[in-house]
Amino acid sequence: MIAALLAVLQSLVVGIAAARWIDPAAPPRRLLGTAYLLGSGICAFVLLALSVAGIRWTTATFTVAYCLVAIALWAPLLRRAAPAVEGGGRASLIDLGTLALVIAHGVYAWKAGGREWDFWAIWGQKARVFFTHGGVDWTFLVHPDHAFTHPDYPPLLSLEYVRLALLGGAWNESPMGLLSTLHAAAVLLIVRDFFAEELRPAMAAAATLAAASGALSNAGMADAPMIAYGTAALLSIRRGSMRTGAVLLGLAAFTKNEGLALIAAVVLGLVADGRRAARRSAILRLWPALAIVSPWLVLRAVHALPTDLATGALSERIRLAFSHVPELLRALAEFPPRHPLFWIGVAAALLVYARQLDRERFLLTVIVVQLGFYLAAYLVTPHDLTPHVGSSWPRILQHVAIPAAFVALTLTLRRFDESRAA
């Protein structure tokens with residue numbers, strides 16, 4: 001628990017400075033949520049940089065490097081006055097309900113630790129190897145017998161687990177599940193502020209509570225940070241906060257390969273939304289996303305880490321894709337989404353307010369394109385298709401759950417407000 005608290009403190013110290021750099025006028029809730037997400041990403045990059053520099057990971061080397069980064073971020077900020085921001089106001093009873101859900105998830109995450117397959121076979125497995133090695137163990141990653149660990153997957157979550165072990169002085173899986181809760185809490189703070197810009201306070205709180213199930217994912221999995229970074233990025237870009245959105249989008253790509261797909265989906269979403277000159281400018285302002293994920297892509301290429309979806313000849317993968325279509329349809333019918341009532345409600349709202357969806361063209365395009373990328377990945381998978389879909393589809397659908405709920409809830413509650421006023 002002490003290691004987890006120290007990790008949160010570290011993330012907030014550097015994260016608040018980083019958040020003030022990229023979005024100085026952010027209100028308190030959004031500042032706090034963004035700070036945690038940015039701080040976690042910065043600490044992961046510190047560890048990766050130390051490893052690339054050949055400096056062995058120890059509590060001392062990480063702490064020194066972390067302090068240097070914190071000083072570099074805070075020193076210029078301390079010379080100028082902090083921007084005035086609005087206070088957060090009183091927490092409503094509905095907000096307390098959301099907090100209760102987060103706390104309950106934290107209790108579950110603490111007890112669950114790393115029970116999921118993806119934890120002990122991928123994220124936790126690599127983290128423990130790296131922690132023991134004192135850096136990223138490229139020999140382990142390139143070994144053919146370790147292909148099941150998905151060596152090409154971005155390392156942000158594994159590096160976060162290493163940080164907890166360094167702060168605790170030993171490998172201990174108990175607090176590691178809490179990272180899922182912390183990422184969920186961070187994104188819900190951000191989502192609450194975005195709802196507040198669209199709806200009255202009580203409705204914004206209720207909408208956040210309704211969307212909370214989309215943030216509370218399995219403990220120990222990389223889906224929690226993917227949901228947090230991806231959702232915060234999409235809602236920031238929708239609002240026009242391109243710098244914040246691009247940075248968070250880059251951290252989503254540093255979390256999972258699905259984050260790389262999300263960058264492409266965002267580009268297509270911007271193409272579908274807005275005038276030609278405006279969308280060209282917006283797309284160019286996404287450069288921080290590519291800059292953040294590029295170091296990992298370069299390292300992955302230099303060490304020739306295998307990517308299972310890209311194995312084999314192109315012609316063979318195309319043939320495989322066509323042969324997989326009937327089985328994919330059967331698998332999708334066999335494994336429905338989690339929280340079916342949630343998705344039924346979202347679908348119903350989109351159908352009822354179909355004529356008003358034009359203003360949400362960006363978010364809806366990104367959601368459809370991202371899901372299209374996921375389905376395309378299933379078609380070319382070298383693994384048994386039905387088990388692959390069963391183990392991942394209900395889980396990765398959560399990546400777009402909150403953006404979809406955001407559209408549905410803002411349309412529904414805004415219309416409810418209008419009907420009451422009339």
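Numbers here simply count residues along the sequence, with the first being 1.
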Decide, yes or no, whether a salt bridge links Arg243 with Asp23 under the criterion of side-chain N to carboxylate O below 4.0 Å.
-> no
Could you pull out the closest heavy-atom pair between Trp57 and Val136, with the gap in Å?
-> CH2-N, 3.8 Å
Decide yes or no for Leu262 and Val366: does some side-chain heavy atom of the first lie under 4.5 Å from some side-chain heavy atom of the second?
-> yes
State whether the side chain of Thr59 and the backbone N or O of Leu166 hold a donor-acceptor pair below 3.5 Å, judged by distance alone.
-> yes
Note: Glu197-Arg30 ion pair, threshold 4.0 Å (strictly below) | yes
Stepwise side-chain contact (heavy atoms from CB on, under 4.5 Å) test for Ile122 and Met221 | CA-CA 9 Å; Ile122 304 175; Met221 309 279 273; over 6 Å; no
Go through the steps to decide whether Tyr36 and His183 satisfy the test side-chain hydrogen bond (donor to acceptor under 3.5 Å, both in side chains), and finish with yes or no.
-> CA-CA 8 Å; Tyr36 177 78; His183 283 106; 4.7 Å; no
Indicate yes or no: at least one non-hydrogen side-chain atom of Val407 is less than 4.5 angstrom from one of Val346.
-> no
Test item: Ser180 side-chain N/O and Gly220 main-chain N/O as donor-acceptor pair under 3.5 Å | yes
For Trp296 and Pro151, the nearest pair of non-hydrogen atoms, with its separation, is CZ2-O, 3.8 Å
Closest heavy-atom contact between His324 and Leu385?
-> O-CD2, 3.6 Å
Per side-chain contact (heavy atoms from CB on, under 4.5 Å), Leu251 is matched among Leu37, Ile42, Leu156 by Leu156
Quick one: are Arg29 and Leu32 in side-chain contact, heavy atoms under 4.5 Å?
-> no
Gap separating the CG atom of Leu38 from the SG atom of Cys43, nearest 0.5 angstrom = 11.0 Å
Could you pull out the closest heavy-atom pair between Val187 and Ala232, with the gap in Å?
-> CG2-N, 4.2 Å
Relative to each other, are the rings of Tyr108 and His105 parallel, tilted or perpendicular (30° and 60° limits)?
-> perpendicular
Go through the steps to decide whether Arg238 and Asp273 satisfy the test salt bridge (Lys or Arg N to Asp or Glu O under 4.0 Å), and finish with yes or no.
-> CA-CA 10 Å; Arg238 173 191 178 273; Asp273 186 49; over 6 Å; no
Identify whether the distance between the nearest side-chain nitrogen and carboxylate oxygen of Asp223 and Lys256 falls below 4.0 Å.
-> yes
Counting N and O atoms only, with roles assigned by atom type, does the side chain of Trp110 sit under 3.5 Å from a partner on the main chain of Gly177, one being a donor and the other an acceptor?
-> no
Rounded to the nearest 0.5 angstrom, the OH-CG distance for Tyr229 and Leu234 is 15.0 Å
Kindly say whether Arg56 contributes a backbone atom to a donor-acceptor pair with the side chain of Thr61 at under 3.5 angstrom?
-> yes
Output the distance between atom OG1 (Thr244) and atom CD1 (Ile190), rounded to the nearest 0.5 Å.
-> 9.5 Å
Keeping the roles fixed (side chain from Thr208, backbone from Ala204), state whether a donor-acceptor pair exists under 3.5 Å.
-> yes
Could you tell me whether the side chain of Val293 reaches within less than 4.5 Å of the side chain of Leu249, counting heavy atoms only?
-> no
Does Trp123 reach the side chain of Glu160, with side-chain heavy atoms less than 4.5 Å apart?
-> no
Report the relative orientation of the aromatic rings in Tyr378 and His388; use parallel for angles under 30°, tilted for 30 to 60°, perpendicular for over 60°.
-> perpendicular
Could you tell me whether the side chain of Val266 reaches within less than 4.5 Å of the side chain of Phe362, counting heavy atoms only?
-> yes
Would you indicate whether the side-chain heavy atoms of Leu299 and Trp138 approach each other to under 4.5 Å?
-> yes
Backbone of Trp74 reached by a side-chain donor or acceptor of Arg20 within 3.5 Å | no
Do the rings of Phe131 and Trp171 sit parallel, tilted or perpendicular, given the 30° and 60° boundaries?
-> tilted
Side chain Lys126, main chain His150, donor-acceptor under 3.5 Å = yes
What heavy-atom pair brings Ala35 and Ile16 nearest, and what distance separates the two atoms?
-> CB-N, 3.4 Å
Tightest non-hydrogen contact, residues Tyr161 and Ala127, listed as CB-CB, 3.6 Å
Can you tell me if Ser158 and Tyr153 form a side-chain donor-acceptor pair at under 3.5 Å?
-> no
Assess whether atom CG of Leu329 is packed by more than 12 heavy atoms of other residues, nucleotides or ligands within 6.0 Å.
-> yes
CD on Gln370 to OG1 on Thr365, rounded to 0.5 Å = 12.5 Å
Asp145 atom CG: more than 12 heavy-atom contacts under 6.0 Å | yes
Decide yes or no on side-chain contact (heavy atoms from CB on, under 4.5 Å) for Met203 and Phe195, but give the supporting numbers first.
-> CA-CA 8 Å; Met203 286 191 169; Phe195 272 129; over 6 Å; no
How far does NE2 of His399 sit from CD1 of Ile227, to the nearest 0.5 angstrom?
-> 5.5 Å
Might you work through the side-chain contact (heavy atoms from CB on, under 4.5 Å) test for Leu179 and Leu164, ending with a clear yes or no?
-> CA-CA 10 Å; Leu179 292 182; Leu164 284 178; 4.0 Å; yes
Interatomic distance, OG1@Thr181 vs CG@Leu216, rounded to 0.5 Å, equals 7.5 Å
Does Phe140 reach the side chain of His146, with side-chain heavy atoms less than 4.5 Å apart?
-> yes
Could you go through the side-chain contact (heavy atoms from CB on, under 4.5 Å) check for Trp393 and Leu328 one step at a time?
-> CA-CA 11 Å; Trp393 174 247; Leu328 176 60; over 6 Å; no
Do Thr386 and Glu334 meet the criterion of a side-chain donor-acceptor pair at a distance under 3.5 Å?
-> no
Hey, are Arg163 and Ser11 close enough side-chain-wise for a donor-acceptor pair under 3.5 Å?
-> yes
